[in-house]
Amino acid sequence: MSVLNAKIPEGPIKDKWTNHKNKINLVNPANKRLIDVIVVGTGLAGGSAAASLAEMGYKVKAFAFQDSPRRAHSIAAQGGINAAKNYQNDGDSVYRLFYDTVKGGDYRGREANVYRLAEVSANIIDQCVAQGVPFAREYGGLLDNRSFGGVLVSRTFYAKGQTGQQLLLGAYSAMNRQIGKGKIQMYNRHEMLELVIVDGKARGIIVRNLVTGAIERHSAHAVVLATGGYGNVFFLSTNAMGSNVTAAWRAHKKGAFFANPCYTQIHPTCIPRSGDYQSKLTLMSESLRNDGRIWVPKKMEDVEAIRAGRKKPTDLSEDERDYYLERRYPAFGNLVPRDVASRAAKERCDAGFGVNQTGEAVYLDFKSAIERYGKEQATVRGEKNPSKERIIELGEEVVRTKYGNLFQMYEKIVDENPYKTPMMIYPAVHYTMGGLWVDYNLMTTIPGCYAAGEANFSDHGANRLGASALMQGLADGYFVLPYTIGDYLADEIRTGPISTDTPEFDEAEKSVVERIDTLMNINGSQSVDSFHKRLGMVMWNKVGMSRNAKGLEEAIQEIRTIREEFWKDVRIPGSKNEFNTELAKAMRVADFLELGELFAKDALHRNESCGGHFREESVELDGEQKGEAKRDDVNFKYVAAWEWNGDPGAANLHKEDLEFKDIELKQRSYK
Amino acid sequence: MSDKTMNLTLKIWRQKDAKSKGKMETYPVTGISEHMSFLEMLDVLNEQLVVEGKEPVEFDHDCREGICGMCSLHINGEAHGPDRRVTTCQLHMRMFKDGETIYIEPFRAKGFPVVKDLVVDRSAFDRIQHAGGFVSVNTSGNTIDANAIPVPKDDADEAFNAATCIGCGACVASCKNASAMLFVSAKVSQFSLLPQGKVEAKDRVMKMVKQMDLEGFGNCTNTGACEVECPKGISLDNIARMNREYLKASLK
């Protein structure tokens with residue numbers, strides 16, 4: 001019997017959430033005023049949770065390492081947010097969204113959580129519109145939708161290529177309303193460095209004020225971690241520079257199990273890297289695959305000519321191009337899920353067909369879409385026999401309306417005009433499906449410590465579908481956690497204020513101060529970034545898109561070596577009692593160096609290919625699916641939840657078996 | 001892609017903390033690729049400073065893709081540097097010439113005190129939003145259906161354009177009066193253009209403008225510098241709209 005109890009409510013899947021909400025304990029409004037809740041992170045999950053909890057009457061303290069809650073990295077999400085509204089009348093339903101998400105996650109998510117996510121998705125859109133989020137609309141004044149990978153309906157709501165920004169500003173405005181009323185105390189430029197446990201319950205956090213360096217204690221009756229993902233363990237990713245695992249990792253070391261750390265999403269459409277100085281990778285939204293066609297040249301001589309600058313991609317005729325996604329997956333074509341698209345790009349580039357100097361780029365071409373839209377527009381406008389130039393002009397205008405900011409972003413970075421020449425793209429680390437293990441109530445294995453949004457593991461299985469991260473962040477924060485947390489807090493109404501003047505807080509603060517002093521005193525010779533980059537190289541080469549046992553074993557050793565060297569030779573200039581970015585980075589990288597090992601250990605133990613986890617030893621050998629990932633439901637149909645045991649390599653594995661009662665377990669096919 | 005490199009002289013504002021006096025210091029950097037972003041160029045400098053045992057230059061940044069609004073910098077006298085419609089993190093070194101001297105300073109405004117080196121405190125923007133930058137609706141999910149109120153596409157698009165403001169503060173830094181009118185008017189416009197925001201429009205504009213004045217930002221004298229330097233192309237029309245909204249609210 002597993003120690004993990006997911007607390008999934010009884011009953012048919014469509015009634016679980018309603019029944020659960022009807023049964024869980026409530027806290028009366030007068031008592032809510034006596035209860036403190038800490039929310040760490042102010043992205044979609046944290047921002048929406050903080051606002052909702054404050055509206056309900058709890059006393060909320062919210063923390064962000066950025067200078068304003070509005071800067072959390074949810075802001076960078078581009079493409080859209082899914083919701084089962086069926087406004088397009090294309091047969092969408094809660095069940096279909098649920099089914100697509102479970103299937104897209106390669107049957108490694110928890111059914112009950114995913115169903116609830118699909119169920120509340122429609123409320124999110126209603127809520128956001130009521131808040132004044134300016135979603136894209138059609139000429140009739142109603143909301144517009146687009147399609148995303150891995151699905152056959154149009155259920156994605158969007159605001160150009162800035163959907164994350166608009167949704168986050170919505171959550172931020174809801175927070176602002178509560179901050180203005182004094183119901184949320186906001187701590188900007190504060191970083192959580194430790195979780196405080198009192199009598200087995202999460203009772204507070206230790207934070208560092210990033211401006212003054214002061215170490216502060218904050219107590220509460222419950223702590224919510226909404227601190228995002230840990231993709232920056234790869235150094236290069238589409239995450240913001242400051243995105244980190246520290247809050248989640250500190251909770252892990254205090255007893256929160258870490259689930260499926262190896263499930264990482266490598267997003268297929270990012271701008272390829274250009275040099276060693278590169279500090280981050282920029283995403284080009286998946287929505288571009290609605291209209292962009294992905295290809296490489298068919299002939300190696302054309303690849304060579306393009307690399308040498310003798311030919312341009314536009315010189316190649318249709319016959320000379322290999323639209324490999326359309327070729328391999330005729331049913332979904334360019335809209336296959338992210339994991340499939342990424343592996344297919346890697347396969348072509350590994351075979352030598354990459355179209356840039358590094359050999360790591362494929363084309364994303366809008367020519368067909370521009371012509372198609374151009375002709376459509378000409379017809380709409382009643383222009384008879386328009387010239388080719390006129391068609392392109394009209395078509396480019398349509399594409400500009402849909403994706404203008406993305407095209408501009410691409411042009412500024414690459415210095416090429418994507419209206420005239422195809423974009424070059426390559427996969428990059430984007431999102432982590434793994435995270436802190438949580439039960440149906442979003443509580444971790446530490447009583448009173450919750451995890452929401454990307455920081456938890458529950459909804460996306462081994463692969464997240466596009467436009468589902470925003471949905472999950474807001475579902476958790478607006479509609480799930482504010483209710484489920486009441487069940488726990490109902491027992492806290494007689495607890496009274498939590499004192500920070502206790503041995504547990506003393507001990508937690510002391511450990512933080514000692515960690516900082518140790519780092520400051522190393523006074524070595526190498527910068528924090530240099531270690532982070534080395535870790536990232538190991539992760540990308542051996543724990544990245546495609547993995548094998550030998551590489552993973554090597555990676556574990558290499559990460560250990562880098563970690564030991566880090567603690568002997570890192571150099572952090574300045575002092576601890578001031579604004580010191582190098583120190584802040586060092587604290588984060590120290591935790592990444594531990595997480596990286598657990599990540600590789602998890603990948604090593606999971607000897608199957610599923611979703612974003614492609615194991616070279618587990619491939620279909622024949623039949624229609626030859627060469628595709630081979631999942632192993634007999635041996636790995638479980639969540640791997642790791643318990644800290646003094647060292648990442650010594651972590652204990654606990655398994656939560658996944659039951660699929662409402663969806664038949666079968667091989668994913670997008671052919 | 002060709003890869004030209006350049007050598008540059010950087011003149012950078014160094015200031016230990018909010019209370020200390022600051023000054024410009026000179027740093028040479030070499031082998032800078034034209035494909036680097038401006039902040040990657042500063043990364044190179046900082047890596048060099050750390051290895052030499054010197055204190056790196058502090059600057060704000062996070063997403064590095066032009067959307068979080070955290071990066072700032074006055075580069076050669078312009079907020080976010082010489083390129084248009086970009087933030088500093090999207091500014092590329094191909095905009096500069098080999099051998100050039102580049103002046104890098106923090107955003108300067110009374111409302112944005114310096115925290116350290118190139119880092120400034122823009123929390124005044126948050127406080128203006130606390131005063132009224134929202135629609136008073138609870139997050140219960142029990143609102144009306146999202147399609148119950150059709151919104152004309154033009155209004156929705158205009159509201160969206162205003163809402164793309166990233167709150168970086170370039171408008172304030174570019175204005176000779178350090179006015180925050182472009183920032184505040186973008187938020188006021190977004191809500192006043194949408195039916196959901198109209199209900200509280202009067203109250204909102206009065207409160208936000210009052211807070212803006214309390215924070216020490218100057219008045220708008222229509223020079224239009226803010227619009228030129230705004231990385232998101234927020235239009236001056238928003239200021240006109242806010243003035244109308246303010247007038248309407250004052251006359252009630």
Side-chain angles (χ1 to χ4, degrees), chain A residues 48 51-52 55 66-68 70-71 73 75-76 87 120 123 125-127 129-132 134 137-143 159-160 162 165-166 169 173-174 176-177 179-180 188 211 240-242 274-275 277-280 282 357 408-409 412 415 478-479 527 529 571 573-574 578-579 581-582, chain B residues 1 17 33 35-36 39-40 43-44 47 50-51 53-56 58 60-70 85-86 90 92 94 115-116 119 122-123 126 129-131 133-139 141 143-147 150-153 156 159-160 163-164 167 190-191 194 196-197:
Chain A
S48 57
S52 303
E55 282 171 14
Q66 298 91 343
D67 72 335
S68 164
R70 66 177 294 155
R71 313 227 193 267
H73 198 54
I75 198 118
Y87 283 160
V120 303
N123 292 27
I125 304 305
D126 298 342
Q127 183 65 46
V129 167
Q131 286 170 347
R137 287 178 184 269
E138 293 167 346
Y139 281 98
L142 302 182
L143 294 163
K160 269 197 185 167
Q162 287 130 287
Q165 179 195 29
Q166 295 311 316
L169 292 180
S173 73
N176 283 333
R177 181 165 161 245
I179 296 172
N188 295 316
V211 176
M241 301 301 287
S274 68
Y277 47 79
Q278 191 111 16
S279 60
K280 79 154 273 163
T282 303
Q357 298 299 333
Q408 187 239 15
M409 205 192 271
K412 289 294 179 188
D415 204 20
Y478 281 141
F479 304 133
S527 70
D529 279 357
R571 168 175 283 189
E578 62 176 336
F579 195 108
T581 301
E582 290 297 310
Chain B
M1 231 163 18
D17 51 37
S33 158
H35 299 304
M36 278 184 195
L39 296 184
E40 284 168 347
D43 290 342
V44 170
E47 176 75 21
V50 170
V51 171
K54 293 177 186 154
E55 281 201 36
E58 297 285 2
D60 265 331
H61 65 101
D62 200 29
C63 78
R64 295 212 178 182
E65 52 188 273
I67 194 75
C68 76
M70 191 132 171
R85 296 285 175 97
V86 292
Q90 296 173 296
H92 276 69
R94 62 182 82 95
V115 174
K116 183 175 182 181
V119 176
R122 286 166 288 188
S123 54
D126 283 331
Q129 306 265 16
H130 301 161
F134 47 79
V135 173
S136 296
V137 55
N138 277 355
T139 63
T143 55
I144 53 170
D145 184 85
N147 262 349
V151 180
K153 184 170 165 48
F160 169 80
T164 57
Q190 178 199 337
F191 289 132
L194 296 172
Q196 292 81 4

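Values in this document were obtained by computation on a predicted structure and should not be read as measured data. Letters go in sequence order (proteins before strands), and every chain restarts at 1.
When all heavy atoms of G167(B) and R71(A) are compared, the pair lying nearest together is O-NH2, 3.0 Å. Taking all atoms of both residues into account, the shortest heavy-atom contact from G140(A) to P150(B) is O-CB, 3.9 Å.
With a threshold of 4.5 angstrom between heavy atoms, A131(B) does not approach chain A through any atom at all. Interface residue E55(A): only side-chain heavy atoms are found under 4.5 Å from chain B. Only the side chain of F479(A) comes within contact range of chain B, judged by heavy atoms closer than 4.5 Å. Neither the backbone nor the side chain of S123(B) has a heavy atom closer than 4.5 Å to any heavy atom of chain A. When heavy atoms are compared at a cutoff of 4.5 Å, F191(B) approaches chain A solely by way of its side chain, counted from C-beta outward. Of the two parts of D17(B), neither the backbone nor the side chain holds a non-hydrogen atom closer than 4.5 Å to a non-hydrogen atom of chain A. Contacts between D67(A) and chain B at a heavy-atom distance below 4.5 Å involve backbone atoms as well as side-chain atoms.
Among K54(B), K116(B), H61(B), the residue making the largest number of heavy-atom pairs under 4.5 Å with chain A is K116(B). Most heavy-atom pairs under 4.5 Å with chain B: of the set A174(A), G275(A), S48(A), A159(A), this distinction falls to A159(A). Between chain A and the options V135(B), L194(B), V151(B), heavy-atom pairs under 4.5 Å are most frequent for V151(B). Of the listed residues (P56(B), G69(B), G53(B)), the greatest number of heavy-atom pairs within a distance under 4.5 Å of chain A belongs to G69(B). Of the residues considered (G132(A), S279(A), G180(A)), S279(A) shows the highest number of contacts with chain B, using heavy-atom pairs under 4.5 Å. Among the candidates V115(B), V51(B), T139(B), N138(B), the residue making the largest number of heavy-atom pairs closer than 4.5 Å to chain A is T139(B). For the set D43(B), V86(B), D126(B), the entry with the most heavy-atom pairs within less than 4.5 Å of chain A is D126(B). Here D62(B) is the residue among I67(B), V50(B), D62(B) with the most heavy-atom pairs under 4.5 Å with chain A.
Looking at heavy atoms from C-beta onward, E55(B) lies in side-chain contact with E578(A) at the 4.5 angstrom threshold. Taking 4.5 Å as the limit, some side-chain heavy atom of V129(A) sits within range of a side-chain heavy atom of Q196(B). Between F134(B) and I179(A), the closest side-chain pair of non-hydrogen atoms is not below 4.5 Å. Contact annotation: the side chain of R122(B) never approaches that of S68(A) to less than 4.5 Å [non-hydrogen atoms, C-beta and beyond]. H35(B) places none of its side-chain heavy atoms less than 4.5 Å from the side chain of D415(A). Using a 4.5 Å heavy-atom cutoff, the side chains of S173(A) and Q129(B) are not in contact. Side chains of V137(B) and Q127(A) form a contact here, defined as non-hydrogen atoms less than 4.5 Å apart.
Remark: side-chain polar atoms of Q166(A) are not paired, donor with acceptor, to backbone N or O of F160(B) under 3.5 angstrom. Between the side chain of E47(B) and the backbone N or O of S527(A), no donor-acceptor pair lies under 3.5 Å.
With rounding to the nearest 0.5 angstrom, the CD atom of E58(B) is 7.5 Å from the CD atom of E582(A). Atoms CG and NZ, from L39(B) and K280(A) in turn, are 11.5 Å apart once rounded to the nearest 0.5 Å. Note that the CD atom of Q66(A) and the CG atom of D60(B) stand 10.5 Å from one another [nearest 0.5 Å]. Note that CG of L142(A) and CG of N147(B) are 4.5 Å apart. Values are rounded to the nearest 0.5 Å. Taking CD of Q90(B) as the start and CE of M409(A) as the end, the distance is 6.0 Å to the nearest 0.5 Å. Atoms OG1 and CG, on T143(B) and N123(A) in that order, are 7.5 Å from each other to the nearest 0.5 Å.
A donor and an acceptor atom, one from each side chain of T282(A) and E65(B), are nowhere located under 3.5 Å apart. Using modelled atom types, one finds no donor on one side chain facing an acceptor on the other under 3.5 Å when comparing Q162(A) with T164(B).
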| request: Could you give me the CA-CA distance, side-chain angles and deciding distance for E138(A) and K153(B), then say whether side chain to side chain contact (heavy atoms under 4.5 Å, CB included) is met? | output: CA-CA 6 Å; E138(A) 293 167 346; K153(B) 184 170 165 48; 5.9 Å; no
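Counted within 6.0 Å of CZ on R571(A), heavy atoms from surrounding residues, nucleotides or ligands total more than 12; the atom is thus considered enclosed.
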